Asker: 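Below you will find the structure I want to go over with you.
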Amino acid sequence: MSLLIICPWPNLDEYRNNILELMPDLEVRIAPDTGPVDEVEFVLVWGHDPGELLRFPNLKFICSMGAGVDHMFRDPKLPEGVPIVRLVDRLLATNMAEYVLLAVLRYHRQYHEYRELQRRREWKLLPAPSTGTKRVGIMGLGNIGGTTARLLVRLGFDVAGWDHRPIEIRGVELFRGDENFIPFLERTEIVSCLLPLTPATQGTLNARAFSALPEGAYVINSARGGHLVEEDLLAALDSGHIAGATLDVFNSEPLPDNHPLWTHPKVVLTPHASSITIPRSVIPQIVENIKRARAGLLLNHLVDPVAGY
Ligand code: OXD
């Protein structure tokens with residue numbers, strides 16, 4: 001019986017070697033080398049083709065190679081009844097928290113304004129930033145959003161979170177549910193989106209959300225491009241209502257050459273690089289789930305197909 005990796009990334013041998021270190025008897029294959037399809041018990045996937053997983057009749061689980069699982073639900077023909085699991089990893093969370101922190105600090109410490117003053121050789125002090133009164137808002141308080149919120153609280157920021165669940169994090173003011181989205185935005189000077197992408201969260205960062213943010217607010221999106229209505233952001237930046245944006249994810253990736261975000265003076269962008277899966281860190285939980293599946297135990301980090309995360 002085998003584990004199959006279906007993924008376009010370049011470092012798949014590293015995954016295979018790390019798995020074999022912990023489970024030397026497992027057959028690990030990398031697509032398109034599937035081996036006999038009825039021998040495939042476990043698949044690790046990122047961006048597989050719709051319907052592709054139906055080829056394997058004996059799957060025990062499908063595991064996302066990242067924290068997000070929206071890429072799987074783009075497939076309308078997922079094998080019925082096969083559990084889906086995702087990665088919940090300390091490094092995926094802390095790397096993302098660092099990315100958001102970097103953006104928050106750039107805005108909080110007026111980095112972009114001082115760069116501009118340097119360019120003009122102008123010696124000028126801007127008003128002193130005050131961490132305790134800087135209102136940061138985190139959309140989504142799951143593993144990644146929660147880690148990010150805690151880091152910002154430790155540094156003394158005034159942090160709020162928006163989530164549907166009753167999540168309690170010390171020092172974080174929770175705004176719960178759709179009815180509290182606008183009040184959450186109204187109090188937020190720097191907003192960071194770390195939601196899972198589902199039909200319910202698609203397009204959440206739109207013109208209505210931007211106009212609820214205070215004048216001069218900043219937007220950070222490192223969740224999924226589908227959360228952001230890019231034209232609405234461009235309009236809000238051009239009107240001056242939103243002062244700047246840091247974007248790591250886009251509706252179309254790679255971002256097309258002629259996309260206006262590439263050259264927008266108020267945008268800092270990175271190529272979906274905010275938090276990259278590190279094989280050595282995530283393989284132990286995959287191996288643990290293989291053991292659990294074989295022993296008939298409940299899998300860790302199961303995805304709820306109805307909620308979509
Ligand atoms: C993820 C990602 O989902 O890298 O982990 O986008």
Side-chain angles (χ1 to χ4, degrees), residues 5-12 14-15 18-19 42-49 53 61-75 78 83-103 138-149 151 163 192-205 219-228 230 245-255 261 268-286 288-289 299-305 307-309:
I5 306 177
I6 306 176
C7 177
W9 302 344
N11 58 340
L12 300 182
E14 222 180 313
Y15 281 86
N18 276 286
I19 296 170
F42 313 105
V43 276
L44 305 188
V45 293
W46 188 266
H48 68 278
D49 290 333
L53 301 180
F61 67 68
I62 305 167
C63 176
S64 170
M65 305 253 316
V69 289
D70 48 297
H71 60 104
M72 289 196 197
F73 291 114
R74 280 201 290 270
D75 179 354
L78 285 172
I84 296 178
V85 293
R86 65 190 191 96
L87 299 179
V88 176
D89 178 56
R90 194 181 56 82
L91 284 187
L92 274 175
T94 52
N95 289 346
M96 182 61 86
E98 283 173 10
Y99 182 90
V100 174
L101 175 64
L102 176 65
I138 307 292
M139 295 165 61
L141 291 176
N143 178 44
I144 293 178
T147 302
T148 306
L151 178 64
D163 206 292
S192 156
C193 176
L194 292 170
L195 292 167
L197 183 63
T198 67
T201 63
Q202 177 88 29
T204 318
L205 292 172
V219 174
I220 305 165
N221 186 24
S222 47
R224 283 293 182 263
H227 290 119
L228 174 68
E230 287 167 359
T246 296
L247 306 175
D248 185 53
V249 286
F250 304 90
N251 278 296
S252 175
E253 294 182 9
L255 188 64
L261 286 172
V268 171
L269 68 82
T270 44
H272 202 138
S274 52
S275 182
I276 296 169
T277 308
I278 296 176
R280 189 162 286 284
S281 179
V282 299
I283 293 305
Q285 64 178 281
I286 296 170
E288 170 65 19
N289 262 341
L299 301 178
N300 291 329
H301 313 313
L302 273 170
V303 169
D304 172 357
Y309 65 96

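Just follow the structure's listing: the first ligand is 1, and inside any ligand the first atom is 1. Remember, it's a predicted structure, so these values are computed and weren't measured experimentally.
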Asker: I'd like to check Leu197 versus Phe73 (side-chain heavy atoms, cut-off strictly below 4.5 Å). Are they in contact?
Answerer: no
Asker: Nearest 0.5 angstrom please: His301 NE2 to Glu288 CD, how far?
Answerer: 9.0 Å
Asker: Counting both backbone and side chain atoms, is some N or O of Gly66 under 3.5 Å from an N or O of ligand 1?
Answerer: no
Asker: Would you say Trp46 and ligand 1 have an N/O pair spaced under 3.5 Å apart?
Answerer: no
Asker: Of the protein's non-hydrogen atoms, which lies at the shortest distance from atom 1 (C) of ligand 1, and what is that distance?
Answerer: Ala67 N, 3.3 Å
Asker: For a 4.5 angstrom cut-off between non-hydrogen side-chain atoms, does Leu151 reach Thr147?
Answerer: no
Asker: Using a strict cut-off of 4.0 Å, indicate which atoms of ligand 1 neighbour a heavy atom of Ser275.
Answerer: 4 (O)
Asker: Rounded to the nearest 0.5 Å, what's the gap from CH2 on Trp46 to CE on Met72? Could you check?
Answerer: 8.5 Å
Asker: Would you say Arg224 and ligand 1 have an N/O pair spaced under 3.5 Å apart?
Answerer: yes
Asker: I need the atoms of ligand 1 closer than 4.0 Å to a non-hydrogen atom of His272, numbered in the order shown.
Answerer: 2 (C), 4 (O), 6 (O)
Asker: With respect to Met65, which candidate in Thr277, Val43, Ile6, Leu12 satisfies the side-chain contact (heavy atoms from CB on, under 4.5 Å) definition?
Answerer: Leu12
